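Notes follow the structure.
Predicted model, so just to flag it, every value in this text is computed and none were measured. All values below were derived from every heavy atom in this structure, side-chain atoms included, with hydrogens, water molecules and symmetry-related copies excluded. Start at 1 and go down the list; that is how both ligands and their atoms are numbered.
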Amino acid sequence: MLPNKDGYFDEFGGKFIPETLFFALSELEKRYAKIKKSKKFKNQLDYYLTHYVGRPTPLYYAQRLTERLQGAKIFLKREDLCHTGAHKINNALGQILLANEMGKKRIIAETGAGQHGVAVATAAGLFGLKCEVYMGSEDIRRQKLNVFRMKLLGAKVIPVESGTKTLKDAINEAIRDWVTNVETTHYLLGSTVGPHPYPMIVRDFQSVIGKETKKQAIKHIGKLPDYLVACVGGGSNALGLFYPFYNEKVKFIGVEAAGEGIKSGKHAAPLCAGKIGILHGTKSFVLQDENGQISSTHSVSAGLDYPGVGPEHSFYKKSKRAEYAAVNDKEVLKAFCLLSKTEGIIPALESAHAVAYIVKMAKKWGKNKNVIMCLSGRGDKDMEEIANIFGASL
Ligand SMILES: *Cc1c(COP(=O)(O)O)cnc(C)c1O
């Protein structure tokens, strides 16, 4: 089972970090290894996932979308129905329970669009833990609603003014904070990225998606699906769905954000157009220029707007266990409207990337194939953005 003991998935992953972080990471690794085996922890997590998050989420047959596309049968794994509106709460809650067991009283996190920040503020609020969220000042300006939500939930939002004032700068600041306050503080990272053991921990907590899906597929389809499709930002909803199917004959497809097109350079598709490099303590595919400078990214969905990707995805790419594709903003907006109108489900713009890819492929795959897509979140958070794009005023 990967990663190996040093945190590698083949050549990807590891811990490319300053000496000062070694202690914190190895403590986290040791404590996690122990806690995850404890029956008490498992029961506690199951309890909150069931009664607080609302799991299991349904596997829903999208009949009208299937009829419209005249191809493969499409099923949606409804993570949009989780409390707070996306899969991020699965990981936030798991790590909060972990922090609680470790006796940490203060939680810090990074956030880009604010979705992870809201999930962390929610879970920290539930356990009465102090919560501080680092967020680029540019993102604070763009995501006012989520900033307000975090504050209502009792979290403090700390503006980051360095670099491009966005997600990658917020991660840098959160790491800096953690180094100095590791005795009292847990850093709650939001996706399958960063140094070992984070990519593994986040994957494990999100795997509940795939475990449920496996049972539901047998029950509702009578067999495992032919394809699993999910959008990829850092890669946590995709790995959560894929990982429990690793040894099965099921094709994995991750969909990245092509933004204004791969050729335009304005995109967020490191697996499709990046090079191997190091970002935030892990070796993986990264968007960078010839000198190794991290490139700026673009996507209509803030949640996919990250120049790196989880190391396990890089391993899946290299070993050809998964395929990766990218869809552009235009295709995404069309798919967003299509799902809203045919199924009465307004998806998050991130999730609409997976829909857009299925729109392209359903007919080609053919009617006797079954595809399950992770509907990672709902679109409520994107209303202002969508209204702006369509020239509507709210
Ligand atoms: C944050 C987010 C994503 C991207 O993150 P992953 O770690 O790649 O899953 C996708 N969908 C939604 C709804 C999100 O909030």
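- Contact annotation: for His87 versus ligand 1, heavy atoms closer than 4.0 Å belong to the side chain alone.
- Interface of Gly235 with ligand 1, defined as ligand atoms under 4.0 Å from a residue heavy atom, comprises 6 (P), 7 (O), 8 (O).
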Pair Ser319-Asp10, side-chain contact (heavy atoms from CB on, under 4.5 Å): steps then yes or no: CA-CA 9 Å; Ser319 62; Asp10 188 52; over 6 Å; no
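- Annotation: cation-pi pair Lys369/Tyr227 absent, no NZ/CZ under 6.0 Å from the ring centroid and within 45° of its normal.
- With respect to atom 3 (C) of ligand 1, the closest heavy atom belonging to the protein is Lys88 NZ, 3.6 Å.
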Residue pair Glu27, Lys104: steps toward the salt bridge (charged side-chain N to carboxylate O under 4.0 Å, His left out) verdict: CA-CA 12 Å; Glu27 192 206 37; Lys104 306 275 160 112; 3.1 Å; yes
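- Within the 3.5 Å criterion, the main-chain N or O of Leu271 finds a donor-acceptor partner in the side chain of Glu256.
- Checked against the 6.0 Å centroid threshold, Tyr357 and His353 do not count as a close aromatic pair.
- For atom 4 (C) of ligand 1, the nearest non-hydrogen atom of the protein is Gly303 O, 3.5 Å.
- Those atoms of ligand 1 with a heavy atom of Ser191 less than 4.0 angstrom away are 6 (P), 7 (O).
- Here the protein heavy atom with the shortest distance to atom 6 (P) of ligand 1 is Ser236 N, 3.3 Å.
- Ligand-side atoms of ligand 1 in range of Gln115: 15 (O), range being under 4.0 angstrom from any heavy atom.
- Set against the non-hydrogen atoms of Gly233, the atoms of ligand 1 under 4.0 Å away are 8 (O).
- Under a 4.0 Å criterion applied to the non-hydrogen atoms of Cys231, ligand 1 contributes the atoms 10 (C).
- Annotation: atom 12 (C) of ligand 1 to nearest protein heavy atom, Ser376 OG, 3.5 Å.
- A centroid separation of 6.0 Å or more is found between the aromatic rings of Phe75 and His220.
- Of all the heavy atoms of Ala348, the ones lying under 4.0 Å from any atom of ligand 1 belong exclusively to the side chain.
- Tyr243 carries Arg203 over the face of its six-membered ring, with the cationic atom under 6.0 Å from the centre and within 45° of the normal.
- Considering both main-chain and side-chain atoms, Asn237 comes within under 3.5 Å of ligand 1 through a nitrogen or oxygen pair.
- At a threshold of 4.0 Å, the pair Lys144-Glu384 does not count as salt-bridged, since none of the basic side-chain nitrogens sits closer than that to a carboxylate oxygen.
- Between Arg176 and Glu173 there is a salt bridge, since at least one side-chain N of the basic residue sits less than 4.0 Å from a carboxylate O of the acidic one.
- Here is the list of ligand 1 atoms found below 4.0 Å of a heavy atom in Gly377: 13 (C).
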